[in-house]
Amino acid sequence: MWIRFGAVTDKGYDRCIFPTSKKIEYSSLMQRRKFLHFLGTGTVSLGLLPPILQSCTANKSQRKSGGSLSSLIKGIEPSLKDELVLADGLHYEVLISYNDPINDTEFFGFNNDYTAFLPDGPDKGMLWVNHEYPDPLLIHGHTNGPKSRSGVEKEMLALGGSILHIERVDGHWRLIKGAPNKRIHGLTPIPFNWDEPIVGSREAIGTFQNCSGGVTPWGTILTCEENYQDIFGEVDRHTGLIDESFGTHGWSAYYNHRPEHYGWVVEVDPQTGAAKKHVALGRFCHECATIVELEDGRVVVYSGDDKVDQFMYKFISSSPGSLKEGTLYVADTVNGIWIPLTMEDERLSANFKDPTEVMIYCREASALLGATPLDRPEDIDIDPVTGHVLITCTNNKAKGNYYGQIIKIIEDNNDYASLTFKAETFLTGGKETGFACPDNMAFDQGGNLWFASDISGGSIDKGPYEGFGNNGLYVVPRTGPQAGEIIQVASGPVSSELTGPFFHPDGKTLFISVQHPGETSKSMDALTSHWPNGGDSMPLCSVVCITGPLLETLNLL
Ligand code: FEO
Ligand code: CA
Ligand code: CA
Ligand code: CA
């Protein structure tokens, strides 16, 4: 059911979108391609923004007269080409691809997703890259039947994350050979940051299904374990039985790791590679972990559970810089309330034996407390100008929502520690707006919103997705004559998705992953993509660096 709240204003409808949508006529509600309400009237005070956003906002006002677009941004049309098609004024270079060596013994992993760049001087820095899920065909040529142990182990080693040291020479980024480049993967022992063991163990073996993430104020990486159930299944809390029907990866034939050891937010120190799993942030299909530092040093972490009709969460720490001490809340977006997932609530204390069990089975606890089911909440970003929290909801096909929407949370008093908020629809996907299934987002230094789409590989250009082309990247300028327009600036190769956009602080490079090109291939003889090398080559998921005058101008706006 869609509930409209608020009034019709000169900025269009503000609509509360919850609980999940039934089929609606998007076009009748979304008459204009321009969304003037995007301009954001409620500017949050600088003191409430994390330092990185304060500097972004300050730079923006200082530079306001510096940049201007001499001509309109010319977007691209949807494309079905097996190419990374870019708008005029943008170009790209492949930085690194699957299986490229990063040191003497390790290689760059598969299905690169989230990227985060931590600068170390103007032309050097550390690039973190997530590696999400395996494709048995493209990793070890597997098509059907039981997998070999060596095939499974190849997959385990291909997931997790990469720590890459990179440098820019003559405008071109490259891996620094001999630097302490490292991998963590599906066989790396990782302790839990929690006082109680998790089903008898103080550490998990491995991290995998690493989707999106975040960067902490203290310079570490948060990497999120998303579809963990596809690897070692899921446990029924009441019977203890493990349901392995979700996935086809078959790792459990050789490793009997517990499902409860996955589905966490993992923090990685990029200097040492040391990692820990943060139990206090809950266990579910974490898409991302977007962290905000409060004035007193405490932190707030937002995270969505990317499953149909699952929930959005935030953790508020009770001591500065802690991802262990604090309270996890789940969103009731109908009433604008963050509900605490604590044993003080009698509904939880009557049904769960301790806080550890609540954290492991967040979904059950949240449903019990009346949290609001959402349309697959994915990426979460903070608007650097308004301070509002944006959440992409990619779709909910069972409820007729094929195109998804971006929603906005406005915390009361613009305080990220607030326990009450307002929720609104921000942008809605569909034919009228020209995009479907929003997923990863990033704001550039000019405060412009960039977001990528994630129509599943097998659905591209079919049924409701006909005409949208391959998955793309879109920019929504904040100012200028095209303010509020949704402009497609990139189209990925066949059956790929553009993930993990992350801007270099100088605004001259956009790091972005080209994930799962050719994932619809049925065999090595019938590859659906040959990107990036063309010919008969196998497709290679890769991180690319996008540069060019259009990027620089937008970042200076
Ligand atoms: Fe890995 Fe929800 O995308
Ligand atoms: Ca995603
Ligand atoms: Ca997705
Ligand atoms: Ca993906």
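Small disclaimer: the values here were computed from a predicted structure and weren't measured. Each ligand, and each atom within it, is numbered from 1 in the order the structure gives. Hydrogens, waters and symmetry mates play no part in the numbers below; they use all other heavy atoms, side chains included.
- Within the 2.8 Å limit, Glu378 places at least one N, O or S atom next to atom 2 (Fe) of ligand 1.
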Stepwise ring pair (Phe, Tyr, Trp, His ring centres under 6.0 Å) test for Trp128 and Phe117: CA-CA 6 Å; Trp128 167 269; Phe117 180 75; over 10 Å; no
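- The ring of Phe110 has its center closer than 6.0 angstrom to the ring center of Tyr98.
- At a threshold of 2.8 Å, atom 2 (Fe) of ligand 1 has no backbone or side-chain N, O or S atom of Asp454 nearer than that distance.
- Under a 3.5 Å cut-off, the side chain of Thr115 and the backbone N or O of Gly500 do form a donor-acceptor pair.
- No salt bridge links Lys277 with Glu203; every basic N to acidic carboxylate O contact stays at or beyond 4.0 Å.
- Here the angle at the Ca ion (ligand 2) defined by OD1 in Asp439 and OE2 in Glu287 stands at 80°, rounded to 10 degrees.
- Under the 6.0 Å cut-off for aromatic ring centres, Phe208 and Tyr262 qualify, their centroids lying closer than that.
- By the 4.0 Å N-to-carboxylate-O rule, Asp305 lies close enough to Arg363 to be salt-bridged with it.
- As for Glu226, its N/O/S atom nearest atom 1 (Fe) of ligand 1 is the one called OE1.
- Within Glu132, the N/O/S atom positioned nearest atom 1 (Fe) of ligand 1 carries the name OE2.
- Glu378 contributes atom OE1 as its closest N/O/S atom to the Ca ion (ligand 2).
- Looking at Glu287, its N, O or S atom nearest to atom 2 (Fe) of ligand 1 turns out to be OE1.
- For Asp306, the N, O or S atom closest to atom 2 (Fe) of ligand 1 goes by the atom name OD2.
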